[in-house]
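A, B, ... follow the sequence lines: proteins, then strands. Residue 1 opens every chain.
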Protein chains: 2
Amino acid sequence: MARPVEHEVLAAVLQIRDGVLQALTWQRARPPDEGRWAVPGGLLRDDEDVEQSVLRQLAEKVDVREVAHVEQIAVFSRPDRVPGARRIATAFLGLVPSDAVPAIPDDTAWHPITALLDGTVPTAFDHAEIVTAGHERLRAKLSYTNLGFALAPREFTISALRDLYTAALGHPVSATNLQRVLTRRSVLEPTGAVAPPGPSGGRPAALFRFAEITLRVTDAFAVLRPPGEAVRGAVP
Amino acid sequence: MARPVEHEVLAAVLQIRDGVLQALTWQRARPPDEGRWAVPGGLLRDDEDVEQSVLRQLAEKVDVREVAHVEQIAVFSRPDRVPGARRIATAFLGLVPSDAVPAIPDDTAWHPITALLDGTVPTAFDHAEIVTAGHERLRAKLSYTNLGFALAPREFTISALRDLYTAALGHPVSATNLQRVLTRRSVLEPTGAVAPPGPSGGRPAALFRFAEITLRVTDAFAVLRPPGEAVRGAVP
DNA sequence: CCAAAAGTGTTTTTTCTACACCCATGA
DNA sequence: TCATGGGTGTAGAAAAAACACTTTTGG
């Protein structure tokens, strides 16, 4: 009971940049784990809960207004997860829309999560686990919620959205089906405007936006729906 | 930074008893919140992580071997969530199969979660929130994983399983569909044996068991499945 | 007129739910 | 043989994926 315990919050802040899912990290300048890359975070203060704390900590690295969604992932509590005083971490997932260009400190950089996970870019402590858990959570929720809102710009074409989903899910996504699945659920709505074609021509793409920008579960019951229930959130 | 922080683990331990979803609670004998009912838990020790800790704490209330599944839910960290020294809680969901009859201490009792949530049985601190969160998690995972294994006896009839799902989900479940949905996913397998009919006759029911007794996601992609992927875990 | 990109229509396949019907037992 | 509960067969509906085809642009 005597050993003091610190509590920290840590966030896997993810953004799709150049078509690749990347995480925000900063390079540790001092031991332990000097030179290795850590996800942003810091110690919990007396007057804040972990949700408030993670937003405060992120504000030191990026403009928090650019973080479209934050949610708890898990507690990391191995007694020896960091050297020195015991430190328990509450890990979060944070998502930044692909069109945001946050100003970040000098010691901070975005890295593709593949590079962080395969060791190409060395990670501090158990932060690779946190990035993995964040990615898993993102993948899962993309397929049964409207979480795409947190990855996409306010307005976008279906192809652009398809590229975001492809990068986040790690497998090809059909633009045709994506459009129909998301509009059927009223997750997406057309703005009425169109985007100009690219340099090589082509039909101008219609612009869409997410109807809501807070998390909503769209497919609550994979199976075993309540009897008589309208199927898959149909609009009456 | 000066204020000391304690870390506790708390568990919403749920079991379906008499066809009703109930939670394990103990009555506080001393202030604060004297007389109110709390979920089991206790302080984290220096040499254990939160997962080890919750199992140890539960061992003091029930035979841990009877807890079929335990998983993290969330961190509760409001600075004033308990009076006195600050205490941060990692909340867990624990599930006990319906046929287990754990011996429990004198101050401990099972209560229907409805009674805990509507105030019929007064709850301590923020423990009602923890019970709610556990129930939500259970409901969600029942519909896209094999989590039923943690609620059911080793062997059971489909009607018995239907009653468990009905109690946990809170809405009617068809035995016919439950059987087909779970066997199609290879979640359930017949034991070959049959149960004797009840006192009023009827055809003897076939006995089934869960094929696995560790958590497995059976419906990963509600939509946006990877292309060419076999649909819904079909068996080749 | 052709290439490129976007969007729509249609078919195929799957499977879930609902419901009717058949089966095995005790009294 | 009848009531009771269990199990199976089948029909109907829904919707996702795949793919062919049409639309709209730039050169």
Side-chain angles (χ1 to χ4, degrees), chain A residues 143-144 155-163 165-166 169 171-188 190-208 218-236, chain B residues 143-144 155-163 165-166 169 171-188 190-208 218-236:
Chain A
S143 90
Y144 69 92
E155 299 193 353
F156 46 83
T157 66
I158 294 294
S159 341
L161 188 65
R162 184 256 321 268
D163 293 342
Y165 271 70
T166 298
L169 292 173
H171 66 73
V173 173
S174 147
T176 299
N177 295 336
L178 183 65
Q179 211 243 45
R180 291 213 256 246
V181 163
L182 295 184
T183 52
R184 185 195 294 273
R185 288 163 173 68
S186 302
V187 167
L188 244 47
T191 67
V194 293
S200 56
R203 177 172 169 173
L207 288 174
F208 288 78
T218 56
D219 292 73
F221 297 96
V223 289
L224 304 174
R225 290 190 276 280
E229 199 85 338
V231 187
R232 306 270 192 216
V235 186
Chain B
S143 89
Y144 69 92
E155 299 193 353
F156 46 84
T157 66
I158 294 294
S159 342
L161 188 65
R162 185 257 322 270
D163 294 342
Y165 271 70
T166 298
L169 292 174
H171 66 74
V173 173
S174 146
T176 300
N177 295 337
L178 183 64
Q179 212 243 46
R180 290 213 258 246
V181 162
L182 295 184
T183 52
R184 186 195 295 271
R185 288 165 173 68
S186 301
V187 167
L188 244 48
T191 67
V194 293
S200 58
R203 177 172 169 174
L207 289 174
F208 287 78
T218 56
D219 292 73
F221 297 96
V223 289
L224 304 175
R225 291 191 274 280
E229 200 86 337
V231 186
R232 306 273 192 212
V235 186

How is B:A206 classified with respect to the nucleic acid when contacts are heavy atoms under 4.0 Å: base, sugar-phosphate, or nothing? sugar-phosphate
D:dG7 P sits how many Å from B:F208 CZ, rounded? 6 Å
Point-to-point distance, once rounded to the nearest 0.5 Å, from CG of B:L178 to OG1 of B:T166: 8.0 Å
Expressed in angstrom and rounded to an integer, what is the separation of B:H171 atom NE2 from C:dT17 atom C1'? 13 Å
Among D:dT8, D:dG7, C:dT8, find the nucleotide with the atom closest to the side chain of A:T176. C:dT8
In whole Å, I'd like the distance from the CZ atom of B:R203 to the C1' atom of D:dA3. 16 Å
Check the distance between D:dA16's C1' and B:D219's CG and give it to me in whole angstrom. 14 Å
Heavy-atom donor-acceptor pair, B:R180 side-chain to D:dT10 base, under 3.5 Å: yes
Is the shortest side-chain heavy-atom distance between B:T157 and B:L207 below 4.5 Å? yes
Does the pair B:F208 and B:L182 meet the rule for a side-chain contact (heavy atoms from CB on, under 4.5 Å), with working shown? CA-CA 11 Å; B:F208 287 78; B:L182 295 184; over 6 Å; no
Roughly how many Å is it from CZ in A:R184 to C1' in D:dA13, rounded to a whole number? 12 Å
On the nucleotide C:dA6, are OP1 or OP2 found under 4.0 Å from the side-chain N or O atoms that A:Q179 carries? no
Nearest to the B:N177 side chain among C:dG7, C:dA18, C:dC16, which nucleotide is it? C:dA18
Select base, sugar-phosphate, or nothing to describe what B:S159 touches, counting heavy atoms under 4.0 Å on all strands. sugar-phosphate
So which nucleotide from C:dC16, D:dG6, D:dG26 ends up closest to the side chain of B:A205? D:dG6
Does any part of the side chain of A:Y144, heavy atoms only, come nearer than 4.5 Å to the side chain of B:D219, both counted from C-beta? no
Rounded to whole Å, how long is the line connecting atom CG of A:L178 with atom P of C:dG7? 12 Å
Integer-rounded Å distance: C:dC16 C1' and B:L182 CG: 13 Å
Rounded distance (nearest 0.5 Å) linking atom OG1 of A:T176 with atom CZ of A:R162: 8.5 Å
Between A:L188 (CG) and C:dG7 (P), how many Å, whole number? 11 Å
